Amino acid sequence: MAERLKEEILHREKLVDVVAGPDAYRDLPRLLAAAESGQQAANVLLSLDETYADILPVQTSAGGTTAFVSIMRGCDNMCSYCIVPFTRGRERSRPIASILQEVRMLSDQGVKEVTLLGQNVNSFRDLSEVQFQSVAAPGLSRGFSTVYKAKAGGLRFSHLLDQVSRIDPEMRIRFTSPHPKDFPDEVLQLIQERHNICKQLHLPAQSGSTRVLEAMRRGYTREAYLELVHHVRDSIPGVSLSSDFIAGFCGETEEDHLQTVSLLQEVRYNVGFLFAYSMRQKTRAHHRLQDDVPADVKKRRLEQLIATFREEAARANAALVGQAQLVLVEGPSKRSASELCGRNDGNIKVIFPDAELEDAAEPGAPGRAQPGDYVMVKVTSASSQTLRGVPLYRTTLSRAAASH
Ligand code: SF4
């Protein structure tokens with residue numbers, strides 16, 4: 001956005017003193033010094049190699065329980081609606097050694113959940129270690145294709161996931177946002193085997209219509225996507241799935257839209273991110289396609305997708321009622337100080353009363369759960385977004401895994 005609107009916000013509107021693009025943080029001292037001396041300053045250049053390797057993560061939840069760790073940037077996929085390849089540049093991955101060092105540091109600080117971050121997190125490919133430069137490219141998910149040639153060489157996401165999950169058995173590992181094309185069996189197997197890698201996958205579908213997926217240049221059909229969903233569910237029993245959808249993309253007919261509705265019904269996601277299509281300058285769709293679905297139709301289709309998603313998510317979450325779920329406590333619930341809030345392995349919010357609880361390892365020493373503690377909670381009710389339950393006992397991630 002900074003690049004696109006630089007002229008307008010600096011010169012025409014004179015709205016700001018400094019315009020800094022996503023790769024300009026190292027230049028901030030110079031930009032701010034220029035602004036202090038009364039000049040307007042801008043740096044919107046995209047870097048080919050910036051990975052933020054030495055930037056400390058922003059910790060997001062109360063008590064520093066969870067943290068994000070950037071592992072790669074950029075995207076080579078060129079989906080026709082997306083501006084990311086133009087604003088974030090080509091894919092480049094952070095050296096694995098620096099990622100592991102940061103995760104170790106977070107573990108030492110008591111962080112209990114790390115989310116590995118990147119625009120295409122599972123396309124991770126660290127080329128910094130020479131001995132891995134000739135390793136063959138892993139295969140794509142069945143029925144998936146890319147606009148670029150297979151990239152050989154480098155340490156891949158499965159290796160990173162393996163190494164990161166070995167650092168601290170009490171630390172949960174998540175990752176986002178992945179592309180569905182890059183889920184080789186070794187990644188799925190690792191998620192299934194490691195007790196601290198959350199059984200939760202984001203599989204962005206965008207549409208349920210093969211015709212629209214082709215116009216979006218997503219590189220898969222509805223059938224290939226569904227085959228992947230079945231394979232993921234077979235490989236990781238009980239996996240929680242989330243997805244992204246766009247309503248009203250260029251040329252989307254009512255029939256295409258109904259195919260997206262039916263995909264939502266068929267897959268039954270636990271979490272969904274749904275948006276009405278909004279055309280972005282510079283994208284292929286902007287140059288080659290027509291944003292021809294009227295605004296009121298986009299709105300109606302989006303509402304229908306949201307209603308379908310919620311109905312299905314409520315059903316998926318209702319299946320957890322009566323089950324015990326391991327919850328990482330994040331802090332007091334926003335609505336009531338007498339309740340605690342946390343997330344289960346599937347990243348669904350769980351709320352339960354703050355009460356004295358036994359520790360599974362030390363019976364007879366009850367205490368209240370603190371942010372960063374793991375609590376086993378029996379689910380008593382569920383909505384499309386939240387689970388509620390009664391706490392059973394405090395425990396650890398390893399102990400809970402061993403008792404299953
Ligand atoms: S939607 Fe995702 S995969 Fe497609 S171009 Fe954008 S960032 Fe890349």
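Everything numeric here is computed off the predicted structure, so don't read it as measured data. Remember, it's 1-based here, ligands and their atoms both numbered in the order they're listed.
- Those atoms of ligand 1 with a heavy atom of Cys75 less than 4.0 angstrom away are 3 (S), 5 (S), 7 (S), 8 (Fe).
- Looking only at distances, a side-chain donor or acceptor of Thr260 sits under 3.5 Å from a matching main-chain atom of Gly208.
- Taking 4.0 Å as the cut-off, Arg218 counts as a neighbour of ligand 1 on heavy-atom distance.
- A side-chain donor-acceptor contact under 3.5 Å links Gln119 to the backbone of Gly74.
- Atom CG of Leu161 and atom CG of Leu190 lie 5.0 Å apart (nearest 0.5 Å).
- Contact annotation: His179 places no N, O or S atom under 2.8 Å from atom 4 (Fe) of ligand 1.
- Lys349 and Glu330 are not joined by a salt bridge, as no carboxylate oxygen comes within less than 4.0 angstrom of a charged side-chain nitrogen.
- Close approach of ligand 1 to Asn120 is summarised as follows: ligand atoms under 4.0 Å from at least one heavy atom of the residue are 3 (S), 8 (Fe).
- Within ligand 1, the atoms closer than 4.0 Å to a non-hydrogen atom of Met78 are 5 (S), numbered from 1 in the order shown.
- Heavy-atom contacts of Pro85 reach the following atoms of ligand 1: 5 (S) (cutoff under 4.0 Å).
- Interface of Cys82 with ligand 1, defined as ligand atoms under 4.0 Å from a residue heavy atom, comprises 1 (S), 5 (S), 6 (Fe), 7 (S).
- Aromatic ring pairs are classed by plane angle as parallel below 30°, tilted from 30° to 60° and perpendicular above 60°; the pair Phe175 and Phe183 is tilted.
- The nearest protein atom to atom 1 (S) of ligand 1, hydrogens excluded, is given as Tyr81 OH, 3.3 Å; this is a heavy-atom distance.
- Ring orientation note: the planes of Tyr269 and Tyr225 are tilted relative to one another, at an angle of 30° to 60°.
- The heavy atom nearest to atom 3 (S) of ligand 1, considering only Asn77, Asp244, Val84, is found in Asn77.
- Under 4.0 angstrom from ligand 1, the non-hydrogen atoms of Cys79 come from both its backbone and its side chain.
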> Is there a salt bridge (Lys or Arg N to Asp or Glu O under 4.0 Å) between Asp296 and Arg300 once you walk through the steps?
Replying inline: CA-CA 6 Å; Asp296 59 329; Arg300 175 187 45 82; over 6 Å; no
